[in-house]
J.: 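One structure is given below, represented as structure tokens, and several questions about it will come after.
Since the model is a prediction, treat every value here as computed from it, not as a measurement.
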Amino acid sequence: MLKIEHISTYYGNIQALKDISISVSEGEIITLIGANGAGKSTTLMSLCGIVPVRSGKITFDGQDITTMTPDKIVSLGISQVPEGRRIFPLLSVKENLDMGAFLRNDKEGIKRDIEYIYTLFPRLAERRNQQGGTLSGGEQQMLAISRALMAKPRLLLLDEPSLGLAPLIVQQIFEIIKKVNEENKTTVFLVEQNANMALKIAHRGYVLETGKITMTDNADKLLSNEDVKKAYLGI
């Protein structure tokens, strides 16, 4: 479904991504793990057209999206849940969800999907008329994921969904990610510092170090890899 081929990305003269290649097949959960500053978020920003790619190629369903604008990329079926959540704080929960469905015009489908979101996250149903900025960090993360799902993406990009959240909320968020993948057949590209949680729900994983892919394997094999254990799992 998605192919990132030998891309390099720069911030000014500083090279953030160095000739990286990643593939994602339909129906998979892929995770990209690495230390803070390794280039994980830059990978998603490059994929979304927010940070321009200096060299290499990105294709989605065989279509070259390397130089496409972010809005066009979203219209193809790719939605991102950004790091730090970035919800609309002055809009209500319901209005945030409506914004996620901005490109859609199937009113009945939108209504059904909002109800589905409320079954995934009952807390959001309770707070549907509450301003997004007044929610807790965990509730805002639920809302950010839900807003992205309202676009009915074929590929869901998640940037550090566990960041700053209590362990119990993190567990709930990851269970929902797995459920969305299994029930909706939504393909997931997960960028995450919590390597242990990410690899437990992923099918395959990539390790990114200082802008380079240094390792890739099935998630269970990466979980048992001694180098990964020492560097990312604290074992």
J.: What residues form a salt bridge (charged side-chain N to carboxylate O under 4.0 Å, His left out) with Arg154, not counting sequence neighbours?
T.: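 Residues passing salt bridge (charged side-chain N to carboxylate O under 4.0 Å, His left out) with Arg154: Glu26, Asp61.
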J.: Is the CZ atom of Arg104 crowded by more than 12 outside heavy atoms at less than 6.0 Å?
T.: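 Counting other residues, nucleotides and ligands, CZ of Arg104 exceeds 12 neighbours.
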J.: Sequence neighbours excluded, which residues qualify as side-chain hydrogen bond (donor to acceptor under 3.5 Å, both in side chains) partners of Glu175?
T.: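 Residues passing side-chain hydrogen bond (donor to acceptor under 3.5 Å, both in side chains) with Glu175: Gln171.
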J.: Hey, does the side chain of Glu209 reach the backbone of Thr214 with a donor-acceptor pair shorter than 3.5 angstrom?
T.: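 No: the side chain of Glu209 does not pair with the backbone of Thr214.
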J.: List the residues meeting side-chain hydrogen bond (donor to acceptor under 3.5 Å, both in side chains) with Arg128, not counting sequence neighbours, and say none if there are none.
T.: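 With neighbours one apart ignored, the set is empty.
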J.: Is it the case that Thr9 and Thr42 place a side-chain donor and acceptor less than 3.5 Å from each other?
T.: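 No - no donor-acceptor pair under 3.5 Å links their side chains.
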J.: Looking at Lys179, is its backbone amide N or carbonyl O close enough to the side chain of Glu182 to form a donor-acceptor pair, meaning the two atoms are under 3.5 Å apart?
T.: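 Not confirmed, Glu182 side chain does not pair with Lys179 backbone.
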J.: Any side-chain to backbone donor/acceptor pair from Asp217 onto Leu222? Under 3.5 Å, distance only.
T.: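 No; zero donor-acceptor contacts below 3.5 Å.
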J.: Between His6 and Gly56 (side chain of the first, backbone of the second, donor and acceptor by atom type, cut-off under 3.5 Å), is there such a pair?
T.: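 No; zero donor-acceptor contacts below 3.5 Å.
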J.: For Lys212, is there an ion pair with Asp19 - N to carboxylate O distance below 4.0 angstrom?
T.: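 No salt bridge links Asp19 with Lys212.
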J.: Between Asn129 and Ser92, do the side chains contain an N or O donor and an N or O acceptor separated by less than 3.5 Å?
T.: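 Ser92 and Asn129 do not have a side-chain donor-acceptor pair below 3.5 Å.
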J.: Show every donor-acceptor pair shorter than 3.5 Å between a side-chain atom in residues 187-199 and any protein atom, with sequence neighbours excluded, or say none if there are none.
T.:
from: Thr187; atom 1: OG1; to: Gly27; atom 2: N; distance (Å): 2.8
from: Glu192; atom 1: OE1; to: Ser162; atom 2: N; distance (Å): 3.3
from: Glu192; atom 1: OE1; to: Ser162; atom 2: OG; distance (Å): 3.4
from: Glu192; atom 1: OE2; to: Ser162; atom 2: OG; distance (Å): 2.6
from: Glu192; atom 1: OE2; to: Asn194; atom 2: N; distance (Å): 2.9
from: Asn194; atom 1: OD1; to: Met197; atom 2: N; distance (Å): 3.1

J.: Any donor-acceptor pair under 3.5 Å linking the side chain of Asn96 with the backbone of Leu91?
T.: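 Between the backbone of Leu91 and the side chain of Asn96 there is a qualifying donor-acceptor contact (under 3.5 Å).
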J.: Output yes when a side-chain donor or acceptor of Glu28 lies under 3.5 Å from a complementary backbone atom of Ile30, and no otherwise.
T.: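 No, the answer is negative, given that no donor and acceptor are paired below the 3.5 Å cut-off.
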J.: What's the separation between atom CE in Met68 and atom OG in Ser75, rounded to the nearest 0.5 Å?
T.: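 Result: 7.5 Å between the selected atoms.
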J.: Among Asp159, Leu157, Ile65, Ile58, exactly one meets side chain to side chain contact (heavy atoms under 4.5 Å, CB included) together with Cys48. Which residue is that?
T.: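 Single pass found, and it is Leu157.
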J.: Where do Val53 and Ser46 come nearest, in terms of heavy atoms and distance?
T.: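 So the two residues come closest at CG2-CB, 3.9 Å.
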J.: Apply the test side-chain hydrogen bond (donor to acceptor under 3.5 Å, both in side chains) to residues Ser21 and Glu5: give CA-CA distance (whole Å), side-chain angles for both, the deciding distance (0.1 Å), then the verdict.
T.: CA-CA 5 Å; Ser21 295; Glu5 300 176 273; over 6 Å; no
J.: Could you list the residues that satisfy side-chain hydrogen bond (donor to acceptor under 3.5 Å, both in side chains) with Tyr116, not counting sequence neighbours?
T.: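 Testing Tyr116 for side-chain hydrogen bond (donor to acceptor under 3.5 Å, both in side chains), a comparison that skips the adjacent residues, returns Glu183, Asn184.
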J.: Among all residues two or more places apart in sequence or in another chain, which pass the side-chain hydrogen bond (donor to acceptor under 3.5 Å, both in side chains) test with Thr134?
T.: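 Listed in chain order: Gln130.
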J.: If you count every heavy atom of other residues, nucleotides or ligands that lies below 6.0 Å from Lys18 atom NZ, does the total exceed 12?
T.: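 Enclosed: over 12 neighbouring heavy atoms sit under 6.0 Å from NZ of Lys18.
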J.: Would you say the side-chain atoms of Lys40 pair up with the backbone N or O of Gly211, donor to acceptor, closer than 3.5 Å?
T.: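 No.
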J.: If you measure from CZ on Arg86 to CD on Gln80, what distance do you get to the nearest 0.5 Å?
T.: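 If we round to the nearest 0.5 Å, Arg86:CZ and Gln80:CD are 8.5 Å apart.
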J.: Phe88 ring centre to Arg147 NZ or CZ under 6.0 Å, with the angle to the axis within 45°?
T.: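 Because its charged atom sits under 6.0 Å from the ring centre and within 45° of the axis, Arg147 does stack over Phe88.
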J.: To the nearest 0.5 Å, what is the distance between CD1 on Ile145 and CG on Leu120?
T.: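 Ile145 CD1 to Leu120 CG: 9.5 Å, rounded to 0.5 Å.
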J.: Salt-bridge test for Glu226 and Lys229: reply yes if a basic N is under 4.0 Å from a carboxylate O, no otherwise.
T.: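 Answer for the salt bridge query: yes.
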J.: To the nearest 0.5 angstrom, please state how far the CZ atom of Phe121 sits from the CG atom of Leu97.
T.: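 CG of Leu97 is found 10.5 Å from CZ of Phe121.
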J.: Nearest 0.5 Å please: distance from the CD atom of Gln63 over to the CG atom of Leu76.
T.: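 Here the rounded value is 5.0 Å.
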J.: Output yes when a side-chain donor or acceptor of Asp106 lies under 3.5 Å from a complementary backbone atom of Glu108, and no otherwise.
T.: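 No, the answer is negative, given that no donor and acceptor are paired below the 3.5 Å cut-off.
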J.: Does Lys57 reach the main-chain N or O of Thr66 with its side chain, forming a donor-acceptor pair under 3.5 Å?
T.: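 Flag not set: sc Lys57 to bb Thr66 has no pair under 3.5 Å.
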J.: Please check: side-chain N/O of Arg123 versus main-chain N/O of Tyr118, any donor-acceptor pairing under 3.5 Å?
T.: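 Such a contact is absent between Arg123 side chain and Tyr118 backbone.
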J.: Establish whether Ile87 and Met142 are linked, either directly or via other cluster members, by ILVMFWY side-chain heavy-atom contacts under 4.5 Å.
T.: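 Same hydrophobic cluster.
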